[in-house]
Amino acid sequence: MEPNVRFWITERQSFFQRFLQWTELLDPTNLVISVEKIEKSRQLLLTNEDAFGSLEDQRIQEAWKRSLSTVHPDNSKLIPVPFRPAALLPFTAPMVFLSLVSAKSLKAMVLPQLSFFTYTTTFNVINGNASYDCRPYESILLGAGVIASSTFLGLLPRLFQVRYSLNNVLVRRALPVIVLTQVSAMNVVVSRGLEPMRGIEVMDKEGNVIGYSRKAGTKAVKDTAATRAVLFGTSAAIPEVFSYFFKRTQFFLQYPWSLWSFKLSCTILVMGLMVPVSLSIFPQIGRIQCSKLEKEIQSATEETELFYNRGI
């Protein structure tokens with residue numbers, strides 16, 4: 001069995017335990033680990049029979065950290081460095097900030113949205129479930145369509161404001177946040193839309209694949225979409241609220257340029273907390289009752305509970 005899958009199945013963690021685990025996996029140093037070190041860590045986990053029972057061993061802990069943060073649990077391949085979980089914060093925080101900054105030119109409005117949704121779409125596909133059958137050209141065409149549609153929808157609040165010159169502060173500030181939240185969730189649903197259509201692997205506690213389930217694929221995508229809505233919705237809303245009150249302080253009246261620095265810092269701090277929180281809401285290897293799956297899967301096993309890779 002793939003070590004990462006076995007780890008998440010064996011370690012029945014609470015939300016708080018998952019949160020602590022993700023704070024380690026999101027360590028930026030995981031982006032610069034050499035392939036040689038990752039391979040040595042994987043070899044240690046594969047050959048050491050006590051890898052799952054000796055988590056107090058410093059070498060085993062470090063090996064798990066490297067493996068869980070760099071290797072995809074479905075295909076055992078290395079995740080490209082820019083799309084590892086640890087890269088989510090440094091890449092998306094500036095993009096979220098820029099996408100919510102008021103701009104006068106069309107170019108200044110389009111580029112932040114295009115960059116943000118190009119990155120998040122690619123991140124969703126790479127870190128999604130990889131057990132279903134998919135041809136390369138299908139992923140490319142689907143991804144291009146998702147990026148284009150997400151960018152267009154993300155631009156609508158800005159275009160609406162320019163067209164109608166909205167003066168209501170609540171609408172002007174809240175509308176982009178609401179749209180960003182909804183489109184981020186929709187981006188996951190559509191970019192990983194082949195999983196509910198073709199089904200993903202479901203396995204028993206020993207890692208034996210029982211079959212392919214469309215219902216498990218649907219649950220995996222819905223749960224991940226919910227975590228994206230929580231992540232980007234909260235990360236966009238809180239800086240807007242704080243900025244609203246900051247603009248009424250004496251400090252801002254003396255130093256108007258400080259608003260950008262304050263808002264960017266606030267966005268990074270909020271996202272720094274929300275990334276591990278959002279990734280901890282659901283386990284990466286989800287559990288589902290066999291009775292909720294397709295008839296052919298129910299008839300293929302006597303297990304009452306099966307497992308599937310939810311993705312990130």
Side-chain angles (χ1 to χ4, degrees), residues 82-83 85 87-89 91-101 109-130 132 134 138-161 171-200 214-240 267 270-271 274-275 277-282 284 286 308-312:
F83 302 103
L88 186 60
L89 173 62
F91 273 87
T92 59
M95 296 178 188
V96 170
F97 166 73
L98 291 173
S99 66
L100 295 174
V101 172
M109 287 190 286
V110 172
L111 286 179
Q113 299 287 342
L114 180 62
S115 301
F116 175 71
F117 288 114
T118 298
Y119 179 82
T120 54
T121 299
T122 309
F123 183 92
N124 292 337
V125 172
I126 289 177
N127 289 281
N129 200 289
Y132 64 95
C134 180
E138 290 179 317
S139 295
I140 294 173
L141 291 176
L142 179 61
V146 172
I147 292 170
S149 59
S150 298
T151 302
F152 173 74
L153 292 174
L155 283 172
L156 284 181
R158 296 302 179 191
L159 297 175
F160 190 73
Q161 290 174 9
V171 175
R172 192 170 69 246
R173 295 298 180 186
L175 189 60
V177 173
I178 293 172
V179 171
L180 177 67
T181 304
Q182 296 295 326
V183 176
S184 296
M186 182 208 71
N187 186 279
V188 176
V189 173
V190 181
S191 62
R192 292 178 54 180
L194 293 177
E195 296 177 30
M197 292 174 58
R198 298 182 179 175
I200 61 174
R214 292 182 295 276
K215 293 183 179 179
T218 300
K219 189 174 187 302
V221 172
K222 284 184 176 179
D223 288 350
T224 305
T227 66
R228 289 295 189 278
V230 170
L231 169 60
F232 293 121
T234 306
S235 301
I238 292 180
E240 287 292 336
T267 302
V270 173
M271 284 200 69
M274 290 308 302
V275 169
V277 167
S278 65
L279 297 180
S280 305
I281 295 174
F282 301 104
Q284 185 172 353
Y308 62 93
N309 176 32
R310 177 182 65 84
I312 298 176

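- The closest side-chain heavy-atom distance from Asn124 to Arg228 is below 4.5 Å.
- Judged by distance alone, with hydrogens and angles left aside, the side-chain atoms of Ser149 form a donor-acceptor pair with the main-chain N or O of Val146 at under 3.5 Å.
- Summarising the geometry of Tyr132 relative to Gly199, their closest heavy-atom pair is CB-O, 3.2 Å, with the distance given to 0.1 Å.
- The distance from atom OG of Ser99 to atom CG of Leu155, rounded to the nearest 0.5 Å, is 10.0 Å.
- Residues passing the salt bridge (charged side-chain N to carboxylate O under 4.0 Å, His left out) test with Arg310: none are found, sequence neighbours excluded.
- Glu195 is not listed as a side-chain neighbour of Tyr308, based on a closest heavy-atom distance of 4.5 Å or more.
- The distance from atom OG1 of Thr151 to atom CG of Leu156, rounded to the nearest 0.5 Å, is 11.0 Å.
- A distance-only check finds a donor-acceptor pair linking the side chain of Asn129 to the backbone of Asn309 [under 3.5 Å].
- The CE atom of Met109 sits 13.5 Å away from the CG atom of Leu114 when rounded to the nearest 0.5 Å.
- Residue Met197 comes nearest to Gly193 through the heavy atom pair CG-O, 3.3 Å, listed as atom of the first residue, atom of the second, then distance.
- By the salt bridge (charged side-chain N to carboxylate O under 4.0 Å, His left out) test, Arg198 is found to be paired with Glu138, residues two or more places apart in sequence or in another chain being considered.
- Residues forming a ring-ring contact (aromatic ring centres under 6.0 Å, His included) with Phe83 (at least two apart in sequence, or on another chain): Tyr119.
- Checked against salt bridge (charged side-chain N to carboxylate O under 4.0 Å, His left out), Lys219 has the following partners two or more places apart in sequence or in another chain: Asp223.
- Nearest heavy-atom pair across Ala225 and Val189 is CB-CG2, 3.8 Å.
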Output side-chain donor-acceptor pairs under 3.5 Å for residues 174-184, partner residues at least two apart or in another chain, one line each.
{"from": "Thr181", "atom 1": "OG1", "to": "Val177", "atom 2": "O", "distance (Å)": "2.8"}
{"from": "Ser184", "atom 1": "OG", "to": "Leu180", "atom 2": "O", "distance (Å)": "2.7"}

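- Contact of the Ile312 side chain with the Phe123 side chain is registered, since non-hydrogen atoms from C-beta on lie closer than 4.5 Å.
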Tabulate below the donor-acceptor pairs under 3.5 Å that side-chain atoms of residues 230-239 make, not counting sequence neighbours, or state none.
{"from": "Thr234", "atom 1": "OG1", "to": "Val230", "atom 2": "O", "distance (Å)": "2.8"}
{"from": "Ser235", "atom 1": "OG", "to": "Leu231", "atom 2": "O", "distance (Å)": "2.6"}

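- Atom CZ of Arg192 is separated from atom CG of Asn127 by 9.0 Å, given to the nearest 0.5 angstrom.
- Rounding to the nearest 0.5 angstrom, the gap separating the CZ atom in Phe116 from the OG1 atom in Thr121 is 9.0 Å.
- Atom CD of Gln113 is separated from atom OG1 of Thr118 by 10.5 Å, given to the nearest 0.5 angstrom.
- Judged by distance alone, the side chain of Thr227 and the main-chain N or O of Thr224 form a donor-acceptor pair under 3.5 Å.
- Residues Leu89 and Pro94 approach most closely at O-CD, 4.2 Å, considering heavy atoms.
- Between the side chain of Arg158 and the backbone N or O of Leu100, at least one donor-acceptor pair lies under 3.5 Å.
- Across every non-hydrogen atom of Met186 and Ser150, the tightest pair is CE-OG, 3.8 Å.
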